[in-house]
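Next up is a structure, given as structure tokens.
Chain identifiers are assigned alphabetically (A, B, ...) following the order of the sequence lines, protein sequences preceding nucleic acid strands; residue numbering begins at 1 within each chain.
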Number of protein chains: 2
Amino acid sequence: MNAPAPMLRLTTQRQVILEELSKVKTHPTASEIYDMVRKRLPRIGLGTVYRNLELMAENGMILKLEVGGTQKRFDATTDNHYHIRCARCGKVDDLEIPVFNTLTEEASTASSYQILGHHIEFTGICPECQKIQEDEYEE
Amino acid sequence: MNAPAPMLRLTTQRQVILEELSKVKTHPTASEIYDMVRKRLPRIGLGTVYRNLELMAENGMILKLEVGGTQKRFDATTDNHYHIRCARCGKVDDLEIPVFNTLTEEASTASSYQILGHHIEFTGICPECQKIQEDEYEE
DNA sequence: TATTAATAAGGAATCATTATCAGTATAATA
DNA sequence: TATTATACTGATAATGATTCCTTATTAATA
Ligand SMILES: [Mn+2]
Ligand SMILES: [Mn+2]
Ligand SMILES: [Zn+2]
Ligand SMILES: [Zn+2]
């Protein structure tokens with residue numbers, strides 16, 4: 001059996017991390033969140049940011065996105081939705097298309113895994129990077 | 001303008017890496033591939049494995065999977081298909097359901113990104129881990 | 001209030017990956 | 001074939017993201 005989950009306290013640090021993450025739609029990395037939070041809590045440690053993001057993700061308060069790139073990203077919007085990542089600059093945006101709940105059922109019949117969920121990651125070039133590419137082509 | 005892409009030589013190392021990767025369906029990590037290849041080329045360096053996996057992925061010879069977990073995984077099957085990852089042991093398997101080509105079109109209309117493609121990652125519990133969980137429950 | 005448990009901060013440690021570099025192999029060319 | 005240019009290897013160092021560890025605080029509870 002597993003140890004009982006410790007009860008989560010709503011510390012100042014935890015609260016500010018959640019507030020700052022909720023303010024943005026950019027799916028920031030841990031160190032980006034660290035920079036945001038540090039403006040309000042200059043003494044906070046990077047480890048604290050990591051620990052709390054991890055804990056909050058485990059408790060379903062936020063999403064931990066394991067998308068492409070070297071760093072994990074975080075999302076305060078917890079309802080299931082899809083993402084698109086720019087292949088050039090790495091930016092991650094939400095993609096506003098309906099979630100395919102049927103996919104999970106279809107996967108259940110096709111696999112011996114017990115399906116828990118799914119995530120779709122689109123890849124593309126963001127508008128800004130499209131412009132840059134056009135400029136490069138002219139040279 | 002960008003420098004011309006250097007021509008790829010088919011070195012022994014590159015060939016053996018590709019052959020060993022093609023043998024398995026497990027989506028191995030770089031260090032797992034290193035272990036496989038070392039049985040045939042004991043002097044190969046880990047850096048060589050990383051370098052060649054990267055180069056072959058850039059040239060479309062293999063896929064570099066940016067799925068959840070701490071390590072990248074590689075796949076010699078380059079046609080578009082979906083994956084499922086065990087939330088407990090991290091194993092990655094193919095999921096045999098048809099690819100939704102319509103998704104890319106739908107994403108194009110919903111987003112200002114220039115869509116390049118998409119990948120679906122299902123999450124679940126693999127058969128082996130299901131058994132382990134049952135055993136744990138009995139205790 | 002005394003005790004216990006959760007948490008913070010800071011720093012060290014770990015792990016995956018990438019960069020550097022000197023020497024080697026291969027391909028192109030004279 | 002000899003020469004030259006270029007891609008490549010293997011060893012090692014460096015980097016970067018994340019986790020771990022230790023001590024001090026803080027909050028909850030008896
Ligand atoms: Mn999102
Ligand atoms: Mn596959
Ligand atoms: Zn971009
Ligand atoms: Zn498993």
Side-chain angles (χ1 to χ4, degrees), chain A residues 2-21 27-59 61-74 85 90 92, chain B residues 2-21 27-59 61-74 85 90 92:
Chain A
N2 8 1
M7 88 132 210
L8 278 198
R9 291 180 187 163
L10 201 60
T11 62
T12 306
Q13 290 86 344
R14 198 160 288 164
Q15 200 170 319
V16 171
I17 290 169
L18 186 56
E19 282 174 14
E20 292 301 313
L21 180 59
H27 310 88
T29 64
S31 68
E32 286 169 348
I33 294 166
Y34 177 53
D35 289 339
M36 291 153 58
V37 168
R38 248 199 310 189
K39 290 174 184 160
R40 291 173 59 185
L41 303 175
R43 306 290 316 272
I44 197 172
L46 178 57
T48 302
V49 173
Y50 270 103
R51 183 174 358 95
N52 282 314
L53 287 171
E54 189 64 42
L55 278 169
M56 290 193 287
E58 279 171 10
N59 287 76
M61 300 165 69
I62 63 173
L63 289 184
K64 182 179 183 179
L65 303 182
E66 317 222 32
V67 295
T70 54
Q71 290 161 278
K72 304 276 165 69
R73 292 176 173 274
F74 298 87
R85 186 169 56 91
V92 174
Chain B
N2 12 359
M7 85 133 210
L8 277 198
R9 292 179 185 165
L10 202 59
T11 63
T12 306
Q13 290 85 345
R14 201 161 286 164
Q15 201 170 318
V16 172
I17 290 169
L18 186 56
E19 282 174 14
E20 292 300 313
L21 180 59
H27 310 89
T29 64
S31 68
E32 285 168 348
I33 294 165
Y34 177 53
D35 289 339
M36 291 153 59
V37 169
R38 248 197 311 186
K39 290 174 184 160
R40 291 174 58 186
L41 302 175
R43 306 289 317 266
I44 198 171
L46 178 57
T48 302
V49 174
Y50 270 102
R51 183 173 355 98
N52 283 315
L53 288 170
E54 188 64 43
L55 278 170
M56 291 193 286
E58 279 171 9
N59 285 267
M61 301 165 68
I62 64 173
L63 289 184
K64 182 178 182 181
L65 302 183
E66 318 223 32
V67 295
T70 54
Q71 289 161 277
K72 305 274 165 69
R73 292 176 173 274
F74 298 88
R85 185 170 56 92
V92 174

Exercise. Starting at CD of A:Glu32 and ending at C1' of D:dG16, how long is that distance when rounded to a whole Å?
Worked result: 14 Å
For this session: Send over the distance from A:Leu55 CG to D:dC20 P, rounded to a whole Å.
Result: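 To the nearest whole Å, that distance equals 12 Å.
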Exercise. Please walk me through it: do A:Glu19 and A:Arg40 pass salt bridge (charged side-chain N to carboxylate O under 4.0 Å, His left out)?
Worked result: CA-CA 11 Å; A:Glu19 282 174 14; A:Arg40 291 173 59 185; 2.8 Å; yes
Exercise. Looking at B:Lys64 and B:Ala57, what are the two nearest heavy atoms and their distance?
Worked result: CB-CB, 4.0 Å
Exercise. Of the nucleotides D:dT18, C:dA8, D:dA7, which has the atom closest to the A:Asn52 side chain?
Worked result: C:dA8
Exercise. In Å, rounded to the nearest 0.5 Å, how long is the span from CG of B:Leu18 to CD1 of B:Ile62?
Worked result: 7.5 Å
For this session: May I have the distance from A:Leu53 (atom CG) to C:dT7 (atom P), rounded to whole angstrom?
Result: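 From A:Leu53 CG to C:dT7 P: 14 Å.
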For this session: Assign a letter to each nucleotide of nucleotides 22-30 of chain C from its 5' end: B, base within under 4.0 Å of a protein heavy atom; S, sugar-phosphate only; -, no contact.
Result: ---BBS---
Problem set entry | Side chain B:Glu66, main chain A:Gly69, donor-acceptor under 3.5 Å |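 Side chain of B:Glu66 to backbone of A:Gly69, a donor-acceptor pair under 3.5 Å: yes, one is there.
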Problem set entry | Option from A:Ile17, A:Val49, A:Leu53 for which side chain to side chain contact (heavy atoms under 4.5 Å, CB included) with A:Phe74 holds |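 Single pass found, and it is A:Leu53.
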For this session: Whole angstrom is fine here: how far is it from CG in A:Leu18 over to P in C:dT7?
Result: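 Rounded to whole Å, this separation is 15 Å.
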Exercise. Roughly how far, to the nearest 0.5 Å, is the NZ atom of A:Lys72 from the CG atom of A:Leu65?
Worked result: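 Between A:Leu65 CG and A:Lys72 NZ, I get 10.5 Å after rounding to 0.5 Å.
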Exercise. Any donor and acceptor pair, going by atom type alone, linking the side chain of A:Gln71 with main-chain N or O of A:Ala30 inside 3.5 Å?
Worked result: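 No; judged by distance alone, with no hydrogens or angles, the pair does not exist.
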Exercise. What is the distance, rounded to the nearest whole Å, between atom CZ of A:Phe74 and atom C1' of D:dA17?
Worked result: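 For the pair A:Phe74 CZ and D:dA17 C1', the rounded distance is 11 Å.
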For this session: Rounded off to whole Å, could you give me the CZ-to-P distance for the B:Arg38 and D:dG10 pair?
Result: 12 Å
Sub-3.5 Å pairs of nitrogen or oxygen atoms, protein against nucleotides 9-16 of chain C:
residue	atom	partner	partner atom	Å
C:dA9	OP1	A:Gln13	NE2	3.3
C:dA9	OP2	A:Gly45	N	3.4
C:dA9	OP2	A:Thr48	OG1	2.8
C:dG10	OP1	A:Arg43	NH2	3.0
C:dG10	OP2	A:Arg43	O	3.3
C:dA16	OP1	B:Gln71	OE1	3.4

Seminar exercise, completed: Between CE of B:Met56 and C1' of D:dC8 the distance, given in whole Å, is 13 Å
Exercise. According to the side-chain hydrogen bond (donor to acceptor under 3.5 Å, both in side chains) rule, which pairs have a member within residues 5-14 of chain B, sequence neighbours left out?
Worked result: B:Arg14-B:Asn52
Seminar exercise, completed: Between A:Leu46 and A:Ser31, the two heavy atoms sitting closest are CD1-CA, 4.4 Å
